[in-house]
2 protein chains.
Amino acid sequence: MQNTRTAYVILGMLSIKSNLSGYEIHKAIEDNFGSFWGESYGQIYPSLKRLATEGLIEPCKPASAPKKRRQEYLLTDAGRVCLREWLALPFQNDPPRNEFLLKLFFGREAANGVPIMHVRELQERNRRMLATLEGIESMARGRELQNPHRPYWMLTLGLGIALTRAALDWGESALAELAFIEAAAAENPQPADTSTNPEPGL
Amino acid sequence: MQNTRTAYVILGMLSIKSNLSGYEIHKAIEDNFGSFWGESYGQIYPSLKRLATEGLIEPCKPASAPKKRRQEYLLTDAGRVCLREWLALPFQNDPPRNEFLLKLFFGREAANGVPIMHVRELQERNRRMLATLEGIESMARGRELQNPHRPYWMLTLGLGIALTRAALDWGESALAELAFIEAAAAENPQPADTSTNPEPGL
DNA sequence: CGTGGCATGTAAACGGTTACATGATTTA
DNA sequence: TAAATCATGTAACCGTTTACATGCCACG
């Protein structure tokens, strides 16, 4: 069956709401998951075709808007079973790749001011992220209290907010620390010296 | 030149320490970056060859251990320039993919107890992670105070620790919340109903 | 009438992992 | 001498992004 995670995201979206098109699924992922998942059309459309041939989803006529030229899908019983099986499997950690941390790690090698610049940029991105997440949170406050998905959605939102806040806090102290480091380096300008450096590893 | 990030990690490692082999670079990445970066041999060895033909690194004889059958490299001036240029470029956020959050988001669709299981598993992984990072931190305490890389390495370590702690805190409250949710769901067992669910999006 | 959003798709390239093959050296 | 670790490499595969192509429909 070789089901990719793209396929499961699609099944998941269709389990929440039926009669979605590829375009709408893409949009729904962006709106609901944007901060922790992404899919491109190049993945979505072929996956929809494959899921349909496997009988996990079913193409159907546009229900509400019959004018639009578009293909909608709904989840089959087999698809729901497949989704549930996948949900029960242990989650996998994706191989870690954080380019910000990488550049900060090599900060000593960078030109003066570069690490500070990167941390400032990180702060900006995280402030935007926090604003987005808190916006969603405040919009959700008191609404849809009966929606059975709501508690789970609020939990994911909560982790996003907690991590972003922690990163912002760290950023503040990092900026102070970096100002100190670079001031010291400016007083004592020693060029990078490869040969005499100690082992990598603290 | 089409330089991948793998190439820059290699340049970065060689800027910290010369006369590293592909094997040692792999190990150094794992030891120093394990929590936020990874490279496979299938990337490293071809990259070393390419970087050498481009003159950014230079193959050299094993310095300290001439017995070993292995190829070591050192960074050229051109390589250092190339590294510095890349370091000054804005960092890119990798496309977000967090399978844990995805499965939690779809938690309502999962069998009973599954979301709690995932959060418990997350807590375990994060506890191990925190132990590792704090182990490094305590090993580093008071050591290599003159190492010019140290402040940057400590900053990266600090962010890792801060994020892991934040995730652990969130996990505790999430477990309580999930116990509550699933207790309520057990009292009031309503099957998933696709057709009448509201729009996705809180 | 034009623009922007809606909508579907494909081909090529890319970055990366996995699995495999091979063999030397060290240590128990 | 057996096992672990050191060490180098390649081919196939995989998931994904990007760029491109196409065209509809609604709204100003």
Side-chain angles (χ1 to χ4, degrees), chain A residues 1-10 13 19-31 33-34 36-53 57 59-73 86 92-99 102, chain B residues 1-10 13 19-31 33-34 36-53 57 59-73 86 92-99 102:
Chain A
M1 195 170 357
Q2 62 134 345
N3 276 326
T4 69
R5 292 175 311 168
T6 303
Y8 291 112
V9 183
I10 292 173
M13 276 322 315
N19 291 87
L20 292 174
S21 65
Y23 186 86
E24 282 175 312
I25 288 169
H26 180 261
K27 198 172 176 308
I29 290 168
E30 191 137 314
D31 292 347
F33 298 156
F36 63 80
W37 202 269
E39 292 292 347
S40 63
Y41 291 124
Q43 286 280 93
I44 289 174
Y45 285 111
S47 295
L48 284 170
K49 290 287 158 77
R50 224 196 58 235
L51 286 168
T53 66
I57 64 175
C60 61
K61 299 280 158 195
S64 46
K67 294 195 167 187
K68 303 254 183 180
R69 157 248 194 188
R70 69 178 197 181
Q71 187 53 252
E72 298 181 349
Y73 296 89
W86 175 74
Q92 64 175 97
N93 289 0
D94 295 52
R97 291 214 137 192
N98 187 323
E99 194 175 300
L102 194 59
Chain B
M1 191 165 3
Q2 61 131 348
N3 275 327
T4 69
R5 291 174 312 167
T6 303
Y8 292 111
V9 184
I10 291 173
M13 277 322 316
N19 294 289
L20 293 174
S21 66
Y23 185 87
E24 281 174 312
I25 288 170
H26 180 262
K27 197 171 178 307
I29 290 169
E30 191 138 316
D31 292 348
F33 298 155
F36 63 81
W37 204 268
E39 293 292 347
S40 62
Y41 291 124
Q43 287 279 93
I44 289 173
Y45 284 111
S47 295
L48 284 170
K49 289 287 157 78
R50 224 196 57 234
L51 286 169
T53 66
I57 64 175
C60 62
K61 299 280 156 196
S64 46
K67 292 194 170 189
K68 302 252 182 179
R69 159 248 193 191
R70 70 179 196 178
Q71 187 53 254
E72 298 180 351
Y73 296 89
W86 176 75
Q92 64 175 100
N93 290 358
D94 295 54
R97 291 212 136 193
N98 187 323
E99 195 175 301
L102 194 60

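Quick caveat: nothing in here was measured; it's all calculated off a predicted structure. Proteins get letters first, then strands, A, B, ... in listed order; numbering begins at 1 in each.
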Nearest-nucleotide 5' precedence on DNA chain D, B/Y73 against B/K27 =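 It is B/K27 whose nearest nucleotide is closer to the 5' end.
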request  = Report the residue (B/Q71 or A/E39) whose heavy-atom-nearest nucleotide on DNA chain D is the more 5′ of the two.
outcome  =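 Going by which nucleotide is closer to the 5' end, it is B/Q71.
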Rounded to the nearest angstrom, tell me the gap between atom [atom1] in [X] and atom [atom2] in [N].
{"X": "A/Y45", "N": "C/dT10", "atom1": "OH", "atom2": "C1'", "result": "12 Å"}
{"X": "B/R5", "N": "C/dC14", "atom1": "CZ", "atom2": "C1'", "result": "12 Å"}
{"X": "B/R70", "N": "C/dT22", "atom1": "CZ", "atom2": "C1'", "result": "19 Å"}
{"X": "B/K49", "N": "D/dT8", "atom1": "NZ", "atom2": "C1'", "result": "8 Å"}
{"X": "A/R50", "N": "C/dT10", "atom1": "CZ", "atom2": "P", "result": "14 Å"}
{"X": "B/Y23", "N": "C/dG23", "atom1": "OH", "atom2": "C1'", "result": "14 Å"}
{"X": "B/L20", "N": "D/dC6", "atom1": "CG", "atom2": "C1'", "result": "15 Å"}
{"X": "B/I25", "N": "D/dA7", "atom1": "CD1", "atom2": "C1'", "result": "13 Å"}

Which nucleotide wins on minimum distance to the side chain of [X], given the candidates [options]?
{"X": "B/S40", "options": "C/dG15, C/dA7, C/dT18", "answer": "C/dT18"}
{"X": "A/Q43", "options": "C/dT17, D/dG15, D/dT8", "answer": "D/dG15"}
{"X": "B/S21", "options": "C/dA7, D/dT10, D/dT8", "answer": "D/dT8"}

query = Base, sugar-phosphate, or nothing for A/G22, non-hydrogen atoms under 4.0 angstrom?
reply = sugar-phosphate
request  = Given side chain to side chain contact (heavy atoms under 4.5 Å, CB included), test B/F33 with B/M13 step by step and report yes or no.
outcome  = CA-CA 11 Å; B/F33 298 155; B/M13 277 322 316; 4.1 Å; yes
ask   = Looking only at heavy atoms, which two atoms of B/G38 and B/I29 are closest? And how far apart?
value = CA-CG2, 4.3 Å
ask   = For the residue pair A/I57 and A/Y73, what are the closest heavy atoms and their distance?
value = CD1-CD2, 3.5 Å
inquiry  = With a 4.0 Å limit, can you tell me whether A/T6 has a side-chain N or O closer than that to the phosphate oxygens OP1/OP2 of D/dG15?
reply    =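 Looking at the OP1 and OP2 atoms of D/dG15, neither is under 4.0 Å from any side-chain N or O of A/T6.
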request  = State whether the side chain of B/E24 and the backbone N or O of B/S21 hold a donor-acceptor pair below 3.5 Å, judged by distance alone.
outcome  =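 Confirmed, B/E24 side chain pairs with B/S21 backbone.
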query = Between the main-chain N or O of A/I44 and the side-chain N or O of A/E39, is there a donor-acceptor pair closer than 3.5 Å?
reply = no
